[in-house]
Amino acid sequence: MARAVTTNRKILNTAIAWGVGLVIFFPILWTILTSFKTEAQAISDPPVFLFFDWTLENYAVVQERSDYMRFLWNSVILAGVSTVLGLIIAVPAAWSMAFVPSKRTKDILLWMLSTKMLPAVGVLYPIYLLFIQLGLLDSRLGLIIVLMLINLPIIVWMLYTYFKEIPGEILEASRMDGAGLKDEILYVLTPMAVPGIASTLLLNFILAWNEAFWTLNLTAAKAAPLTAFIASYSSPEGLFFAKLSAASTMAIAPILILGWFSQKQLVRGLTFGAVK
Amino acid sequence: MGRIQLKQVKKAFGDVTVIPPLDLEIEDGEFVVFVGPSGCGKSTLLRLIAGLEDTTSGIIEIDGKDATGLPPAKRGLAMVFQSYALYPHMSVRKNIAFPMKMAGLSPEEQNRRIEAAAKALNLTDYLDRRPGQLSGGQRQRVAIGRAIVREPAAFLFDEPLSNLDAALRVGMRLEISELHKRLATTMVYVTHDQVEAMTMADKIVVLQAGVIEQVGSPLELYHSPRNRFVAGFIGSPKMNLIEGPEAAKHNAHTIGIRPEHLTVSTDSGDWHGTVGVSEHLGSDTFFHVKIDGFAEPLTVRVGGDFDLHYGDAIQLTPDPALIHKFDAKGLRIT
Amino acid sequence: MATKHSRVAARVMLAPAVILLLGWMLVPLTMTLFFSFKKYLPLRGDSMANGLDWVGFENYTRFVGSSSFWPSVQATLVIVGGVLFVTVILGIVLALLLDQPMWGQGVVRILVIAPFFVMPTVSALVWKNMFMDPVNGLLAHLWKFFGAEPLQWLSQASMPSLILIVSWQWLPFATLILLTAVQSLDSEQLEAAEMDGAPYIKRFWFIVLPHLSRAITIVILIQTIFLLSIFAEIFVTTGGAFGTKTLSYLIFQRVLESQNVGLGSAGGVYAIILANIVAIFLMRIVGKNLDA
């Protein structure tokens with residue numbers, strides 16, 4: 001509904017919007033800035049904003065003390081593998097619901113969504129118990145499975161809404177051209193849906209990366225990702241602003257960058273296609 | 001070879017029967033057009049032949065072999081879709097190559113056929129473009145090219161020209177006819193446009209509500225429509241259908257006379273009336289004439305320069321040999 | 001429409017996803033339901049192998065009867081309600097603002113969305129220490145600058161603080177969805193209203209707001225579902241102290257901290273029921289959209 005306005009009006013809009021945007025972004029900015037300060041500067045009174053001695057020391061200390069790379073690696077593995085696994089299971093499911101709908105398709109879709117709404121805390125102990133029984137506690141495999149399952153409904157839904165936009169005639173054409181089911185999905189559907197699949201991948205990677213219930217409760221040391229790494233800083237003795245900031249910056253930087261790429265698809269993914 | 005036989009083929013979606021059991025024979029090399037108003041089941045019939053839909057009952061034979069249960073890929077047919085259904089992520093070359101890739105043809109053979117098809121369809125300069133960069137007519141030719149290279153037993157066309165503008169449509173019509181003459185392969189063509197049916201078909205199948213109303217050559221349908229529906233559907237402008245006392249004079253419930261079979265005069269004739277709207281096409285002129293005592297106005301075709309205007313008196317005489325007579329059920333009386 | 005072949009294939013291809021999710025839902029749910037009727041204190045030697053005592057609805061009544069129950073319900077409602085209120089109102093304002101023509105719109109959008117990508121543990125920790133620390137936090141400095149006594153944010157104003165943190169995380173979500181909705185508004189409608197002489201407030205009230213109503217409902221429902229189970233923010237900031245113990249946090253404590261599985265499971269069942277009530281409304285909206 002945007003339309004042409006006077007230049008004065010535009011200047012005013014710009015000023016207000018940038019002001020508001022910077023206020024909202026400020027905590028992140030402040031964290032990044034603080035991560036380059038010394039501990040003394042980080043708590044100096046009054047606070048220093050830009051004019052301090054920039055240092056990378058905090059990053060070195062954080063890595064050395066808590067082995068940041070190991071947590072980072074766990075985060076990458078957990079989020080990456082769970083997302084890819086989810087996609088492998090979701091692509092055929094979304095294909096079948098989008099192109100061979102039956103009377104029950106809608107119910108199945110909604111039911112899948114409903115599993116996403118199951119409060120995690122309500123099933124915490126059973127999962128905990130099962131994990132102990134199966135030896136999955138604090139293992140990457142266990143968390144990959146859980147993360148895959150909690151995001152599967154979103155993956156299926158996102159793919160479903162993207163596939164829906166592909167005309168069925170093209171898939172029929174491939175059948176006439178002698179393509180089997182595998183060829184149809186591999187050579188025709190998937191390449192056509194690449195943008196949709198990519199944004200699904202991205203969003204679910206982010207969601208898995210930031211997941212902070214199961215990753216905190218089902219890991220101890222071995223499989224712990226960055227969410228747990230940061231949570232370990234909440235104990236008072238570990239409290240140094242600059243180092244905390246460095247650790248935080250390292251934990252959020254990769255995902256902030258990915259997130260900016262996926263912002264357009266975010267809406268559709270998070271509202272299950274209800275808002276486009 | 002491409003002989004297709006439908007035996008008691010029936011299609012129902014749930015409780016709704018779209019096509020009641022029907023029989024149809026399509027001979028090898030024939031150009032058959034399914035024509036009928038939208039929703040008459042002509043596309044469904046084509047999709048049954050293609051294998052994109054299951055038959056509810058009945059048998060479909062292709063070259064004498066039962067193909068009823070075969071998936072589309074195994075029937076050896078090629079189809080051209082209304083939306084062209086090109087693969088948007090592939091170049092024209094890859095689009096055309098796709099069915100051959102699926103069939104596992106050697107790259108040399110693939111290339112040979114692509115070059116030949118591209119040459120025949122004037123696509124040589126566009127082979128490396130994406131479908132999105134082509135015009136409607138070019139896309140249509142790519143779709144045809146993709147069908148040709150399969151060397152199918154029969155081509156299926158599902159309203160292939162309806163997305164083109166009028167001028168292109170005439171050109172493509174000729175190209176497809178030309179293609180049929182050259183390849184001499186069976187073609188089954190679905191359209192709602194009776195002009196396409198008349199101009200292209202060896203054999204026309206007129207459908208209404210899933211039922212075959214008549215099968216015959218274009219001229220058979222034109223000269224002796226089996227019933228009122230076919231009479232009204234085939235021919236342009238539509239045949240004039242007259243009921244009431246005038247029909248009774250011919251011992252019929254309804255009589256039909258084509259606009260081109262009426263003689264026009266200003267001083268003498270069987271039917272007296274006044275000119276309504278006239279449509280001048282240059283070569284022809286169509287008058288819509290209100291006849292005294294008739295419920296519906298009649299359409300008359302006359303030569304290009306006929307100087308009559310709105311409200312003028314006019315007299316019409318039908319050619320008695322060309323009057324079609326139908327009974328109360330709408331069937332032709334011979 | 002399709003053939004038998006494709007219908008069979010479709011079922012086969014749908015099966016893995018359905019079976020996995022069915023297992024993921026039914027197995028733990030059944031176990032939770034089972035435990036909720038049992039006395040199960042692993043630390044006191046209860047275990048599945050030795051058999052658990054059936055206690056009927058005792059866990060349910062005890063969970064509701066405990067002194068922490070009603071405060072936790074209240075805390076839950078305050079947090080959910082507070083965050084919804086803040087994010088929806090600010091979300092509408094921001095959406096309308098971002099829809100205006102301006103320079104650098106893309107950059108502003110990115111700035112506004114950024115908090116959504118910050119992992120919950122990080123945002124909780126950053127707010128807790130660098131902003132709300134009563135001595136060195138930035139807010140303390142701000143208060144001192146205006147000559148006020150710095151607040152003990154997370155103990156004296158624990159709820160508002162928590163709402164602030166969570167709202168900051170969820171405001172981008174609300175803004176983004178509402179902005180998408182605003183942008184889909186037909187400008188001719190607004191121009192027609194302007195021609196009819198409707199001032200801005202009336203145009204907003206009678207055209208923009210009704211247009212946004214669906215998006216607002218969706219924001220409310222989806223956020224409610226996520227907010228009902230916020231965990232990391234409480235875990236990191238107050239650990240459930242100072243009146244911030246929500247229903248889910250209470251259940252978490254019962255199950256993992258005091259290891260009273262039966263009691264916690266009964267609480268879990270309550271939480272599931274609560275979430276389902278919200279979910280039903282959300283599914284109605286999404287379901288309707290599927291038909292369209």
Q. Pick one: which of B/Thr55, B/Leu48, B/Ile212, B/Thr56 meets side chain to side chain contact (heavy atoms under 4.5 Å, CB included) with B/Ile19?
A. B/Leu48
Q: Please work out whether the ring planes of A/Trp157 and A/Tyr160 are parallel, tilted or perpendicular, with thresholds of 30° and 60°.
A: perpendicular
Sort out for me which of [options] touches chain A most, counting heavy-atom pairs under 4.5 Å.
options	answer
B/Met79, B/Arg150, B/Met90	B/Arg150
B/Met100, B/Arg146, B/Lys74, B/Gln82	B/Arg146
B/Gly76, B/Ala85, B/Ala50, B/Gly51	B/Ala85

(Q) Under 6.0 Å between ring centres: does that hold for B/Tyr189 and B/Phe34? (A) no
Q. Contact part of B/Leu86 toward chain A, heavy-atom cut-off under 4.5 Å: side chain, backbone, both or neither?
A. backbone
Q. Can the positive tip of B/Lys101 be found less than 6.0 Å from the middle of the six-membered ring of A/Tyr187, inside 45° of the ring normal?
A. yes
